[in-house]
Amino acid sequence: VGGKLAIDFNGFKNHIGVFQEPAATIIHTDFLRTLPARELRSGFAEIIKHCIISDAEKFAAIAGRALDDQDWDDLVRHSVAFKYSVTLRDPKESGLRKILNFGHTIGHALETWFLNNGNRIFHGEAVAAGMIAEAWLAQKHGLLTSTDLGAINRSILQVFGKIQIPADQAGVLQIMRQDKKNRDQKILVALPKGIGHAVWDIAVNEADVTEALGYYNSLQT
């Protein structure tokens, strides 16, 4: 495919039960050049997420580069291979696959809150903010050092800057209460365990989330 990236998912078929999988998925990274800059940046949030939860070395590599200087062929291959390995091992999200939700519990709530208030933000922008807030939660739970938290903050803020999270977070918390990942009225999150690993189903309370969002608002860009 133009010397670019082609990945055959034939081995993935029949692992998903009722889902109908394609014979193959073909990715051509030249199409990334057709995206508006904001769309490309939004997608980059998922690449950052994959590196934080699976590959400390790759995270260090991308954290030191501007968005325009990233090696997209390498990063798309890395992200696809990682997500494929996770979904193959846990196709129904009964355990390991939940690590892919890092940044998304708070991120989805922020995305919905902004949409409901007539100020849509992109998915990746919300997840970027969610990753910072949830990385802070990881530090609070003893899973992440302050040094690693700082590295995550810098890598995200230099690309995304900050969104303005409301000082009154009642609306955000109300959305989080409805998250499909919650169990027994507990908010469950996936958090990095150091950089390069992750854990899932970590229960946090609303006071934790409020403090995490306050921490995000306090950061300087």
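- Not one N or O on the side chain of Ser79 forms a donor-acceptor pair closer than 3.5 Å with the backbone of Val76.
- Inspection of the Glu46 and His104 side chains reveals an N or O donor paired with an N or O acceptor under 3.5 Å.
- The nearest pair of heavy atoms linking Ala212 to Ala133 is CB-O, 3.5 Å.
- Judged purely by atom type and a 3.5 angstrom limit, Asn182 uses its side chain to pair as donor or acceptor with the backbone of Arg177.
- Taking CG from Asn153 and CG from Asp148, the interatomic distance works out to 11.0 Å, rounded to the nearest 0.5 Å.
- For the atom pair NZ (Lys140) and CG (Asp208), the distance works out to 4.0 Å, reported to the nearest 0.5 Å.
- At least one side-chain heavy atom of Trp200 sits under 4.5 Å from a side-chain heavy atom of Leu96.
- Hydrophobic clustering keeps Leu188 apart from Trp136 (ILVMFWY residues linked when any side-chain heavy atoms are closer than 4.5 Å, directly or through intermediates).
- Panel note: side chain Tyr215, backbone Leu137; no donor-acceptor pair is recorded below 3.5 Å.
- Between Glu125 and Arg41 there is a side-chain heavy-atom pair separated by less than 4.5 Å.
- With ring centers used as reference points, Phe44 lies under 6.0 Å from Trp72.
- The backbone N or O of Gly95 lies less than 3.5 Å from a partner atom in the side chain of Asp90, making a donor-acceptor pair.
- Residue-environment remark: NE2 (His197) stays at or below the threshold of 12 foreign heavy atoms within 6.0 Å.
- Side-chain contact check for Thr112 and Asn116: no donor-acceptor pair (N or O, by modelled atom type) lies under 3.5 Å.
- Within the 4.5 Å cutoff, no side-chain heavy atoms of Val209 are placed close to those of Val189.
- Heavy atoms only, all atoms of each residue included: Ala129 and Leu110 are closest at CB-CD1, 3.9 Å.
- Using a 4.5 Å cut-off between side-chain heavy atoms of Ile, Leu, Val, Met, Phe, Trp and Tyr, with links allowed through other members, Ile121 and Ile165 fall into the same hydrophobic cluster.
- Taking the side chain as every heavy atom from C-beta outward, Gln169 and Asn217 approach each other to under 4.5 Å.
- The hydrophobic cluster containing Leu149 also contains Val199, counting ILVMFWY residues as joined when their side-chain heavy atoms lie under 4.5 angstrom apart, directly or transitively.
- For the atom pair CZ (Phe102) and CD1 (Ile52), the distance works out to 4.5 Å, reported to the nearest 0.5 Å.
- Using a 4.5 Å heavy-atom threshold, the side chains of Ile48 and Phe160 count as touching.
- Here the closest non-hydrogen pair linking His78 and Cys51 is CE1-SG, 4.2 Å.
- A donor-acceptor pair is defined here as one N or O able to donate and one able to accept, closer than 3.5 Å; such a pair exists between the side chain of Glu134 and the backbone of Gly103.
- Nearest heavy atoms, Leu144 versus Ala135: CD2-O, 3.5 Å.
- Looking only at atom types and distance, the side chain of His108 has no donor-acceptor partner in the side chain of Asp179 under 3.5 Å away.
- In this structure, Val159 is not a member of the same hydrophobic cluster as Phe122, with clusters built from ILVMFWY side-chain heavy atoms closer than 4.5 Å.
- Looking only at distances, no side-chain donor or acceptor of His141 sits under 3.5 Å from a matching main-chain atom of Leu143.
- In this structure, CD on Glu211 lies 9.5 Å from CG on Asn205, to the nearest 0.5 angstrom.
- Taken from CD1 in Ile106 to CE in Met131, the straight-line distance is 12.0 Å, to the nearest 0.5 Å.
- The heavy-atom pair separating Val172 from Pro166 by the smallest distance is CG2-CG, 4.3 Å.
- Criterion: ILVMFWY side-chain heavy atoms under 4.5 Å apart, direct or through other members. Under it, Ile156 and Leu219 are part of a common hydrophobic cluster.
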Taking distance alone, no hydrogens or angles, what donor-acceptor pairs closer than 3.5 Å link side-chain atoms of residues 57-65 to residues at least two apart or in another chain?
residue	atom	partner	partner atom	Å
Lys58	NZ	Asp74	OD1	3.4
Lys58	NZ	Asp74	OD2	2.6

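- Judged by distance alone, the side chain of Lys49 and the main-chain N or O of Leu100 form a donor-acceptor pair under 3.5 Å.
- Counting heavy atoms from C-beta outward, Val80 and Thr25 have side chains that stay 4.5 Å or more apart.
- Atom NZ of Lys193 sits in a sparse spot, with 12 or fewer heavy atoms from other residues, nucleotides or ligands closer than 6.0 Å.
- Between the side chain of Asp73 and the main chain of Thr29, no donor-acceptor pair closer than 3.5 Å is present.
- The backbone N or O of Lys180 lies less than 3.5 Å from a partner atom in the side chain of Arg183, making a donor-acceptor pair.
- From Leu191, atom CG reaches atom CD1 of Ile53 across 11.0 Å, with rounding to the nearest 0.5 Å.
- Using a 4.5 Å heavy-atom cutoff, the side chains of Met176 and Thr105 are in contact.
- Evaluation of the salt bridge (Lys or Arg N to Asp or Glu O under 4.0 Å) test over residues 154-171, restricted to residues two or more places apart or in two chains, returns none.
- Checked by atom type and distance alone, the side chain of Ser42 never pairs as donor or acceptor with a backbone atom of Arg38 at under 3.5 Å.
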